[in-house]
Amino acid sequence: MTKSLGPAARPGHINPTVVEVEGGFLNAMGLPNPGVEGYLEELRELKHWGVPVVASFFASTVEEFQSGAKALCGAGADALELNLSCPNVGGEPGMCAADVISVERVTAAVKQVAKSPVFVKLSPNVTDIVGIAVAAENGGADAITAVNTLKAMVIDADFRRPVLANVTGGLSGPALKPVALRCVWEIAEAVKVPIIGCGGVSNWRDAVEYMLAGATAVEIGTGVMYEGLEVYGKVNEGIAGYLRENGFGSVKEIVGLAHRK
Ligand code: RRO
């Protein structure tokens, strides 16, 4: 999974952009990235590694979303993740994950041109995430990623100022997990497309909990800050052990299992 790419290169916000808090991290990176065109060479190189590459991207207009999708698929992205949900974009329409009409329209427009599956990443910073998930599904999303970070802030009592230069940022890590898990649970009761759980996964038990709530896969970001890159292998091995010890033949058998009446 790439860092989110946009139509043009962006330096991101000025520092401080990341601060550790109890139970996680707050970031206000401000979407720093080399731009879709500036990233294509690296994407082509990643293809030589023999692992699937998901290109995360954002844009401000439907046309930009479509041209980003075409370029990223053309360079070999195995899937696209529409980041409709960055909490750090001020007045720009980057937070279109708050609006059902925009979510359905952008998803459908990208699906028209994308040659690879399209995931839609949603925000927990909304009143009704289920309505938004249904809009993504109606737009043709192949999967829903739930969720991006939770809008939050930190104030330093000695300096009597907000810590992040952007004032607010997105909370990730273990503190986000119960919120994200609830989002996955609610979405699973409303849509048929696969859900990718995201938020505070740092060990196999977290991943299993997401699957029991209805996720068919998980994403791990902040977990790397705590556990290093080994986290991915450890989580995979841990899930395999859990399945073995509990008599399951495949992860498919535990997806959504906690919903049983
Ligand atoms: O770059 C960011 O500030 C950022 C992004 Br694009 C995002 O999707 N989520 C987040 O917490 N930060």
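Sequence positions, counted from 1, serve as the residue numbers for this chain. Being a predicted model, the structure only gives us computed values, none of them experimental. One-based numbering, in listed order, for ligands and for the atoms of each.
The two residues S123 and I129 have their closest heavy-atom pair at O-CD1, 3.4 Å.
When each atom of ligand 1 is checked for a heavy atom of N27 under 4.0 Å away, the hits are 2 (C), 3 (O), 4 (C), 10 (C), 11 (O), 12 (N). Per-residue contacts place N83 under 4.0 angstrom from the following atoms of ligand 1 (heavy atoms of the residue considered): 6 (Br), 7 (C), 8 (O). Per-residue contacts place T149 under 4.0 angstrom from the following atoms of ligand 1 (heavy atoms of the residue considered): 9 (N), 10 (C), 11 (O).
Looking at S85 next to ligand 1, no N or O pair under 3.5 Å apart turns up. At a 3.5 angstrom cut-off on N or O pairs, M29 counts as close to ligand 1. Some N or O of L31 is nearer than 3.5 Å to an N or O of ligand 1, by distance alone. Between G30 and ligand 1, an N or O atom pair is found at a separation short of 3.5 Å. Between N148 and ligand 1, an N or O atom pair is found at a separation short of 3.5 Å.
Ion pair E209/R205 not flagged as a salt bridge, since none of the NZ, NE, NH1 or NH2 atoms sits closer than 4.0 Å to an Asp/Glu carboxylate oxygen. For the pair E41 and R44, the salt-bridge criterion is met [side-chain N within less than 4.0 Å of a carboxylate O].
Only the side chain of K3 comes within contact range of ligand 1, with a heavy atom under 4.0 Å; no backbone atom does.
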